[in-house]
A.B. asks: 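Before I ask anything, let me first share the structure, which is written out below as structure tokens.
Just so we're on the same page: letters track the sequence lines, and every chain starts at 1. When reading the values below, keep in mind they use all heavy atoms of this one structure, side chains included, and skip hydrogens, waters and symmetry mates.
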Amino acid sequence: MIRITLPDNSVRQYPEGVTGLDIAKSISEGLARNVLSVMVDGTVQDATRTIEKDASVRLLTWNDPEGKATMWHSSAHLMAEAIELLYPGAKFGIGPDVENGFYYDIDFGSQTISSDDFPKIEKKILELAREKQQYLRKEVSKEEAIRYFTRKGDEYKIELIQDLPDGSITFYESGKFTDLCRGPHLPDTGFIKAVKLLNIAGAYWRGDEKRKQLTRIYGITFPKQKELDDFLILLEEAKKRDHRKLGKELELFAFSQKVGLGLPLWLPRGAQLRERLEMFLKKVQKKAGYQQVMCPHIGNVELYKTSGHYQKYGESSFRPISTPVEGEEFFLKPMNCPHHCEIYKTSPRSYRDLPIRLAEFGTVYRYEQSGELHGLTRVRGFTQDDAHIFCTPEQVKDEFKGVMDIVMLIFKALDFKDFIVQISLRDPNNKEKYIGSDENWEKAETAIMEVAGERGLTTVVVPGEAAFYGPKMDFMVKDALGRKWQLGTIQVDYNLPERFDLEYIGADNQKHRPVMIHRAPFGSMERFVAVLLEHTAGDFPLWLTPDQAIVLPISEKYQDYAKKVLNLLNNSEIRTLIDDRNEKAGKKIRDAEMKKIPYMLVVGEREENEGTISVRRHGQGDLGPVKVEDFIKKVQEEISNELGEIN
RNA sequence: GCCGAUGUAGCUCAGCUGGUAGAGCAGCUGAUUUGUAAUCAGCUGGUCGGCGGUUCGAAUCCGUCCAUCGGCUCCA
């Protein structure tokens, strides 16, 4: 007998060779029907696989992320089986589970396939699912594995197998489909009750641009039809939050083919919003000891040759601009740092001057591949809320702390709660590919880790992800559809001070090399506004929103009073509009609600007589009449609450 | 850049298998003077993404280019 410890710490005795499914059955039949896979001593395995020794076991169902992963991974196999039956000769790449479902990369050969084929495939999948095909695990030798796929003519699988050590190869067989797979899988396909193929896309084999492009089909499955229905509703809701749609509806920004792709045009309301964000950050930065600077949008190519950006961006980006002078070339700036380095160099610096913090809302231009462009999140001309801190190696930690506090302040003022902090360190096994001394790297990396710890941030540490010039910390936020976008970034740089030969005189009267920290709390104004739009669904915080209130006179008779209210509010710096169209109140309210204006102020006979306004809050409804002065006070309070200490 | 899909009025969309365009909203004009999510009537508005081809005839079929969307690669 072996001892099985369950999550509630209870211990049960079972014979050797017991399966997860057996354990579930011994607890309850209902549980057994819902077990998708089991976690045995921290490793997920098939519910039907035997357990030979004492272990702690967790039974995984649809409510566990690992259970979902098992379901979706098995679904990928099932889809492959369906496709193999429908499209003989299709070859298969890889088919993993992902955050919301699964995909399979398939080479359809000369056959073409589009989303029109989805219903047919979905039907086949459900048909096979109902057969309750068991997923059978089989250990095979490398030779045997290669022989199988050679016979089948699937070169992708052969390539995968060749990279695997012998003795670790397993096959899973379900129905007529056999796949190279580590598992784990469902006991049988009967658990899959609802399926939806989501989209179809090209994907390079093994993510390599130079290799063949396979057809990737994304899908998702559920144990109940109802769950699929709910998921589809959720998708629809997410689409409504798309910043491209909201940006158009709220008249914030636009694109024009004539201006050029990836070059956003900020409309008046969007420009105002952006300006407000900039003012907010400038205020914060001023308090934190930053100095604003300004630089032109182009620079002599020599500047970028010195910085190394010409080598990086020169070929794949906007071409240099030539001038009437033979051999003279300018380059649209892809980065602000070289300019700031030159500003640093305008006078000799002492250690007493450091840190020097130069900030600029600097617009940069990068020629992104056309297919990468995406609304405001990926554009060809964008404005970074950039700053460069020049400091001594000893100051790196404090400066990092200061920047992190700014990022946190912003996230708080804008109510971003769900973000990921990634720390990118150098690859410890490959230290020579990084520039800068071992000692300084060590210092900076520990500083970053310590600061993150002191501020109580949960972080993801990724060794080997650092840039060659220094370690960094990035802040990522998800958009409405769960896609991750990097916003703020803080990067230590040992490279540019070297290239620009930056120095300061230390207390020892010797020349020293300063460390440079690049930082952009928003990342870029464009991307930040995009993510903010999706985050708030267009219901911006009151301090930020373009129009804070709108006065709605019941009829033309009350226009004079309405205008009086309008002036009072605007004079109190509450951004207020008036709707003096010849429309009924219901219509005006509907329109204002759709424009997401926070406060609707209805005025008619009653209000005029009593010097009040009837306040309606967006999304909340009628709040009743208040005196105009009281409303002004209320709004001002609400704004200072939102901004907290910054105001 | 690559794979797939899409492109009709300012916006959202109809327009079946080819017979030179239609609705709702928005806009304009007028009537109405209105109390918490759409008052009524009339009118304006489109080289059906661009170019080429097939055809007596193309929004519709074919080719090509452009743009957009979903991915891949890449990145703030």
Side-chain angles (χ1 to χ4, degrees), chain A residues 98 103 105 108 112-117 198-218 239 242 244-245 248-249 251 254-258 260-262 313 316 334-336 362 364 366-386 474-476 481 483-489 491 518 520-528 530-531 552-559 581-594 600-607 614-625:
Chain A
V98 289
Y103 68 79
D105 283 347
F108 283 93
T112 49
I113 182 162
S114 78
S115 50
D116 295 342
D117 300 295
L198 297 168
N199 50 49
I200 184 163
Y204 297 105
W205 172 232
R206 309 199 104 179
D208 186 344
E209 211 176 344
K210 289 176 188 65
R211 303 196 64 177
K212 191 175 163 115
Q213 197 159 37
L214 307 181
T215 304
R216 176 171 298 179
I217 298 180
Y218 285 88
K239 277 189 196 147
D242 190 315
R244 292 164 299 194
K245 185 175 149 67
K248 197 186 266 180
E249 284 169 7
E251 294 170 34
F255 288 91
S256 144
Q257 279 191 41
K258 260 203 177 116
L261 44 158
Y313 289 100
S316 61
M335 294 276 196
N336 301 302
V364 296
R366 300 178 192 172
Y367 191 82
E368 305 293 348
Q369 294 183 47
S370 62
E372 292 162 358
L373 300 171
H374 181 95
L376 276 190
T377 50
R378 204 65 196 282
V379 289
R380 284 180 173 167
F382 58 99
T383 302
Q384 295 178 311
D385 54 325
D386 215 354
D474 295 315
F475 297 82
M476 329 260 219
L481 286 172
R483 292 176 291 217
K484 279 184 208 141
W485 291 102
Q486 185 190 319
L487 292 178
T489 179
Q491 307 185 6
H518 309 250
F522 290 142
S524 80
M525 301 312 290
E526 286 74 11
R527 185 175 288 180
F528 193 80
V531 174
L552 311 176
I554 291 292
S555 87
E556 284 174 0
K557 281 191 221 155
Y558 313 108
Q559 287 223 18
R581 290 176 306 165
N582 180 6
E583 294 288 352
K584 288 174 124 177
K587 169 78 165 173
K588 293 183 181 183
I589 285 167
R590 183 182 148 84
D591 288 351
E593 285 281 358
M594 292 205 299
M600 286 148 277
L601 312 172
V602 179
V603 296
E605 191 177 356
R606 272 202 312 268
E607 289 76 11
S614 281
V615 178
R616 181 189 167 100
R617 176 88 214 213
H618 168 67
Q620 286 176 23
D622 195 356
L623 304 179

A.B. asks: Report the distance from atom OH of A:Y204 to atom CG of A:L214, rounding to the nearest 0.5 Å.
C.D. replies: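 Rounded to the nearest 0.5 Å, the OH-CG separation comes out at 11.5 Å.
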A.B. asks: Side-chain N or O of A:K557 versus OP1/OP2 of B:U34: is the shortest distance under 4.0 Å?
C.D. replies: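 For B:U34, OP1 or OP2 has a side-chain N or O of A:K557 closer than 4.0 Å.
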A.B. asks: Can you see if the side chain of A:S370 gets near the phosphate of B:G1 - specifically, an N or O under 4.0 Å from OP1 or OP2?
C.D. replies: yes
A.B. asks: Students often get this wrong, so: under 4.0 angstrom with heavy atoms, is A:E249 touching a base, only sugar-phosphate, or nothing?
C.D. replies: nothing
A.B. asks: Tell me the partner of B:C43, counting only Watson-Crick (N1-N3 plus N6-O4 or O6-N4) or G-U wobble (N1-O2 and O6-N3) with both under 3.5 Å; none if nothing fits.
C.D. replies: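 When the pairing criteria are applied, B:G27 turns out to be the nucleotide that pairs with B:C43.
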A.B. asks: Should the heavy atoms of other residues, nucleotides or ligands under 6.0 Å from OH of A:Y367 be counted, would the total exceed 12?
C.D. replies: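 No - once you tally the heavy atoms of other residues, nucleotides and ligands closer than 6.0 Å, there are 12 at most.
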A.B. asks: Using modelled atom types only, decide if a donor and an acceptor are shared between the side chain of A:K588 and the backbone of A:I554 within a distance under 3.5 Å.
C.D. replies: no
A.B. asks: Answer yes or no for A:R527 and A:F522: cation-pi contact, defined as NZ/CZ to six-membered ring centre under 6.0 Å and angle to ring axis within 45°.
C.D. replies: no
A.B. asks: If you look at every strand shown and take non-hydrogen atoms under 4.0 Å, does A:A585 touch a base, only sugar-phosphate, or nothing?
C.D. replies: sugar-phosphate
A.B. asks: Paired with B:U55 by Watson-Crick or G-U wobble geometry, both distances under 3.5 Å: which nucleotide is it?
C.D. replies: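 Its partner: none found.
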A.B. asks: Which part of the nucleic acid, if any, lies within contact of A:A201, taking any heavy atom under 4.0 Å across all strands shown: a base, the sugar-phosphate backbone alone, or nothing?
C.D. replies: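 A:A201: base contact, heavy atoms under 4.0 Å.
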A.B. asks: Could you tell me how far B:A14 sits from B:A9 if I compare only their P atoms? Round to whole Å.
C.D. replies: 12 Å
A.B. asks: Does the B:C3 base have a donor-acceptor partner in the side chain of A:R216 within less than 3.5 Å?
C.D. replies: no
A.B. asks: Determine the Euclidean distance between corresponding P atoms of B:G45 and B:C3; express it in Å to zero decimal places.
C.D. replies: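 Their P atoms lie roughly 42 Å apart.
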A.B. asks: So, does A:E607 use its side chain to make a donor-acceptor pair with the main chain of A:G604 at under 3.5 Å?
C.D. replies: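 Confirmed, A:E607 side chain pairs with A:G604 backbone.
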A.B. asks: Do the side-chain N or O atoms of A:R244 get closer than 4.0 angstrom to the phosphate oxygens (OP1, OP2) of B:C69?
C.D. replies: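 Yes, within the criterion.
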A.B. asks: Counting C-beta onward and ignoring hydrogens, is there a side-chain heavy-atom pair between A:D622 and A:V602 closer than 4.5 Å?
C.D. replies: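 SC-SC contact between A:D622 and A:V602 ruled out.
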A.B. asks: Quick one: label A:E593 by what it contacts on the DNA or RNA (base, sugar-phosphate, nothing), any heavy atom closer than 4.0 Å.
C.D. replies: base
A.B. asks: Would you kindly check whether a donor in the side chain of A:Y367 faces an acceptor in the base of B:G1, or vice versa, at under 3.5 angstrom?
C.D. replies: no
A.B. asks: Provide the distance between the two C1' atoms, one in B:U33 and one in B:C25, to the nearest whole Å.
C.D. replies: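 Pairwise C1' distance, B:U33 against B:C25, rounds to 24 Å.
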A.B. asks: Taking atom P in both B:G24 and B:A37, compute the distance separating them and give it to the nearest angstrom.
C.D. replies: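 After rounding to an integer number of Å, I get 24 Å for this pair.
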A.B. asks: If we take the P atom in both B:G46 and B:C11, what is their distance in whole Å?
C.D. replies: 14 Å
A.B. asks: Are the ring of A:W485 and the six-membered base ring of B:A76 within the stacking cut-offs of under 5.5 Å and under 30°?
C.D. replies: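 Stacking is absent between B:A76 and A:W485, given that the ring centres and planes do not meet under 5.5 Å and under 30°.
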A.B. asks: Under 3.5 Å, is there any donor-acceptor pair linking the side chain of A:E607 to the base of B:G35?
C.D. replies: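 Result: at least one qualifying N/O pair found.
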A.B. asks: Looking across every strand, which nucleic acid part, if any, lies under 4.0 Å from A:L261 by heavy atom: base, sugar-phosphate, or nothing?
C.D. replies: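 If one applies the 4.0 Å heavy-atom cut-off, A:L261 turns out to touch the sugar-phosphate alone, with no base involved.
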A.B. asks: Strictly below 4.0 Å: does A:H374 bring a side-chain N or O up to OP1 or OP2 of B:G70?
C.D. replies: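 Looking at the OP1 and OP2 atoms of B:G70, one of them is under 4.0 Å from a side-chain N or O of A:H374.
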A.B. asks: With rounding to whole Å, what would you report as the distance between B:C16 and B:C61 at their P atoms?
C.D. replies: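 To the nearest whole Å, 9 Å.
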A.B. asks: Look through every strand shown and name the nucleotide pairing with B:U73 as Watson-Crick or G-U wobble, where both distances are under 3.5 Å.
C.D. replies: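 Looking at the geometry, B:U73 pairs with no nucleotide.
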A.B. asks: Give me the distance, rounded to whole Å, that separates B:C65 from B:G22 when you measure between the P atoms they each carry.
C.D. replies: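 That atom pair is separated by 34 Å.
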A.B. asks: Can a side chain N or O of A:K258 be found less than 4.0 Å away from OP1 or OP2 on B:G50?
C.D. replies: no
A.B. asks: How long is the gap from CD on A:E526 to OG1 on A:T383, to the nearest 0.5 Å?
C.D. replies: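 Going from CD on A:E526 over to OG1 on A:T383, the span is 4.5 Å.
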A.B. asks: With a 3.5 angstrom cut-off on both distances, give the Watson-Crick or G-U wobble partner of B:U64, or none if there isn't one.
C.D. replies: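 Here B:U64 is engaged in a pair, and the nucleotide opposite it is B:G50.
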A.B. asks: Can you tell me, in whole Å, how much space there is between the P of B:C13 and that of B:C69?
C.D. replies: 14 Å
A.B. asks: Please work out if A:D622 contacts a base, only the sugar-phosphate, or nothing of the nucleic acid, heavy-atom cut-off 4.0 Å.
C.D. replies: base
